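The chains referred to below are lettered A, B, ... by the order of the sequence lines, with proteins before strands, and numbering in each begins at 1. For clarity, every value in this text was computed on a predicted model and none was experimentally measured.
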Amino acid sequence: MIKVRFFAMLKGLAGTETKEYAVAAPISIESLKELIKKDFPSLSQIIDSRSLLISVNQEFASKETLVKDGDEVGFLPPFSGG
Amino acid sequence: MIKVRFFAMLKGLAGTETKEYAVAAPISIESLKELIKKDFPSLSQIIDSRSLLISVNQEFASKETLVKDGDEVGFLPPFSGG
Amino acid sequence: MSELVTIQKERFSVEEVITRVKSASKGIGAVVVFLGAARDFSKGEVITGLSFEHYPEMAEKKLKDIRSRALDNFNIIEMAIVHRTGPIDIGEDIVLIVAASAHRNDAFMACEWAITELKRTAPIWKRETTQKGEVWVSENP
Amino acid sequence: MSELVTIQKERFSVEEVITRVKSASKGIGAVVVFLGAARDFSKGEVITGLSFEHYPEMAEKKLKDIRSRALDNFNIIEMAIVHRTGPIDIGEDIVLIVAASAHRNDAFMACEWAITELKRTAPIWKRETTQKGEVWVSENP
């Protein structure tokens, strides 16, 4: 399973903190985004915006990053700590 | 009277904290320095160095500043606070 | 050195964290502290309360990473970072960065770099309570 | 506002001075602190103790002047300056500058300017005790 975690405004819009996906083989971040947009249409706009950051296993991911079974993926709206 | 105050290493070299001079008319900082060098030869080298600052009534003085009766003049070696 | 990087709900003591940092070395001559506090006003809105959410595992990792990189890249002796989460009242402290060095310029540079890097890379989110309700803050100045 | 600029023999509490500065406004979002401490080593010499002498009337005037000019020239809300005199043990705090502003950049700039200005213009002198005896420090880094 891939465990997706939503934070801050994404959590509110999704109505849940986490969502799990079973994958047979590693998938791209872009493919994962498409799955999530289908399941959570309310997140589409933010997911398509440039300001969203994605983490895989607590490290920032790039477009090339592949996500595999057992990974934890964070959907991170712009930070406002400090 | 003009009250001259010596600080830090100048105080040690002069062997006193203060020295007073009676003046009939305002005198220049340069003239005051000459008087002090005569009375305290041990201060000559520092007084002639560029690093010495002079204050008149707790404000920095320039070469043009005149010192008059009632003024307090500070002979200030380079600062090392902070 | 985990006690030098903490994320906590509780208030922190600035003095206590400075003491912890200074205990690293008697060669410390300069300590620069950044303290972020909860303001009552932001972008034209009166703020009556704040709350912070974070991604716990990643936020801690990122703050530890900032401390490590600060120690590697600046001429400092020690650094501590503390960030609070959960509800925070107006006027209370939110974040603390303490940088210690032999000479002041290094501590100033490291401290300013660290708070900028924290805002850029730490997965922490602020929710402000205004008269219009609660809103997530989506931009970091 | 004289309690925001003090020259004293006693130790000071950083936390207490920060609290005093923060009480100026709930619009304070950033506090930057510079704390100078007594190092055990300087210019190749082991230092076992320090002592500061000052020109009391002028030093107080100059520190108040630094605070006024900081408030005039930087976008800060409040500033406090504390300097100790007399004997100071290794590791103890010597000087404290606290600058508070709405946004962090202003507080960083004002705090760094103020400590540089203090070293340049405040008639305060440091005497170090080394293995060779006591020496006046004649240069300011």
Side-chain angles (χ1 to χ4, degrees), chain B residues 1-21 29 32-33 35-37 40-82, chain D residues 5-8 33-39 42-43 47 50-66 81-86 88 93-97 111-128 133-141:
Chain B
M1 299 290 260
I2 293 169
K3 184 181 182 185
V4 177
R5 293 176 69 169
F6 301 117
F7 292 95
M9 68 182 67
L10 288 174
K11 188 170 70 181
L13 289 168
T16 180
E17 285 190 38
T18 57
K19 171 76 181 171
E20 298 202 331
Y21 290 95
I29 296 283
L32 183 63
K33 282 184 177 179
L35 288 174
I36 291 181
K37 279 156 66 176
F40 302 97
S42 57
L43 300 185
S44 291
Q45 199 189 329
I46 295 186
I47 288 177
D48 288 338
S49 79
R50 284 189 196 196
S51 62
L52 188 80
L53 290 171
I54 307 286
S55 65
V56 175
N57 300 329
Q58 292 94 49
E59 287 297 342
F60 293 112
S62 68
K63 279 194 175 174
E64 289 73 42
T65 307
L66 289 179
V67 190
K68 60 183 193 307
D69 190 53
D71 283 350
E72 178 174 293
V73 180
F75 274 59
L76 318 173
F79 305 147
S80 47
Chain D
V5 175
T6 55
I7 299 177
Q8 61 186 53
V33 175
F34 174 78
L35 189 62
R39 297 165 66 209
S42 177
K43 297 182 193 104
I47 310 296
L50 286 181
S51 184
F52 284 87
E53 176 181 320
H54 70 308
Y55 181 173
E57 305 87 341
M58 185 172 174
E60 192 168 319
K61 201 171 183 176
K62 289 294 160 196
L63 297 192
K64 284 182 176 171
D65 185 52
I66 290 168
I81 305 175
V82 185
H83 203 297
R84 288 180 63 200
T85 57
I88 290 181
D93 298 331
I94 298 164
V95 60
L96 173 68
I97 296 187
C111 188
E112 195 163 8
W113 174 83
I115 181 61
T116 303
E117 199 64 4
L118 183 153
K119 286 172 179 271
R120 193 176 72 84
T121 66
I124 303 175
W125 298 273
K126 176 162 65 177
R127 192 172 170 80
E128 292 177 342
E134 296 199 6
V135 284
W136 287 106
V137 178
S138 61
E139 281 176 281
N140 220 336

For this session: Report the C-alpha distance between E60(D) and Q58(B) in whole Å, list the side-chain angles of each, state the deciding distance to 0.1 Å, and finish with yes or no for side chain to side chain contact (heavy atoms under 4.5 Å, CB included).
Result: CA-CA 10 Å; E60(D) 192 168 319; Q58(B) 292 94 49; over 6 Å; no

For this session: Report the C-alpha distance between E57(D) and R5(B) in whole Å, list the side-chain angles of each, state the deciding distance to 0.1 Å, and finish with yes or no for side chain to side chain contact (heavy atoms under 4.5 Å, CB included).
Result: CA-CA 12 Å; E57(D) 305 87 341; R5(B) 293 176 69 169; 3.2 Å; yes

Problem set entry | Evaluation steps, side chain to side chain contact (heavy atoms under 4.5 Å, CB included), between M58(D) and F60(B) | CA-CA 10 Å; M58(D) 185 172 174; F60(B) 293 112; 3.6 Å; yes

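Other residues, nucleotides and ligands contribute over 12 non-hydrogen atoms within 6.0 Å of the CD atom of E134(D). When the shell of 6.0 Å around CD of Q8(D) is examined, it contains more than 12 heavy atoms from other residues, nucleotides or ligands.
Contact record, S80(B) with V137(D): OG-O, 3.0 Å, taken as the closest heavy-atom pair. Nearest heavy-atom pair across S55(B) and Y55(D) is OG-CE1, 3.5 Å.
Taking CZ of F79(B) as the start and CZ of R120(D) as the end, the distance is 9.5 Å to the nearest 0.5 Å. With rounding to the nearest 0.5 angstrom, the CG atom of N57(B) is 7.0 Å from the NZ atom of K61(D).
T121(D) touches chain B through backbone and side chain together, each having a heavy atom under 4.5 Å away. Only the side chain of E53(D) comes within less than 4.5 Å of a heavy atom of chain B; its backbone N, CA, C and O stay farther away. If you measure heavy-atom distances from F52(D) to chain B, the contacts under 4.5 Å come from the side chain alone.
A parallel orientation is assigned to the rings of W125(D) and F7(B), their planes being inclined by less than 30° (bins at 30° and 60°).
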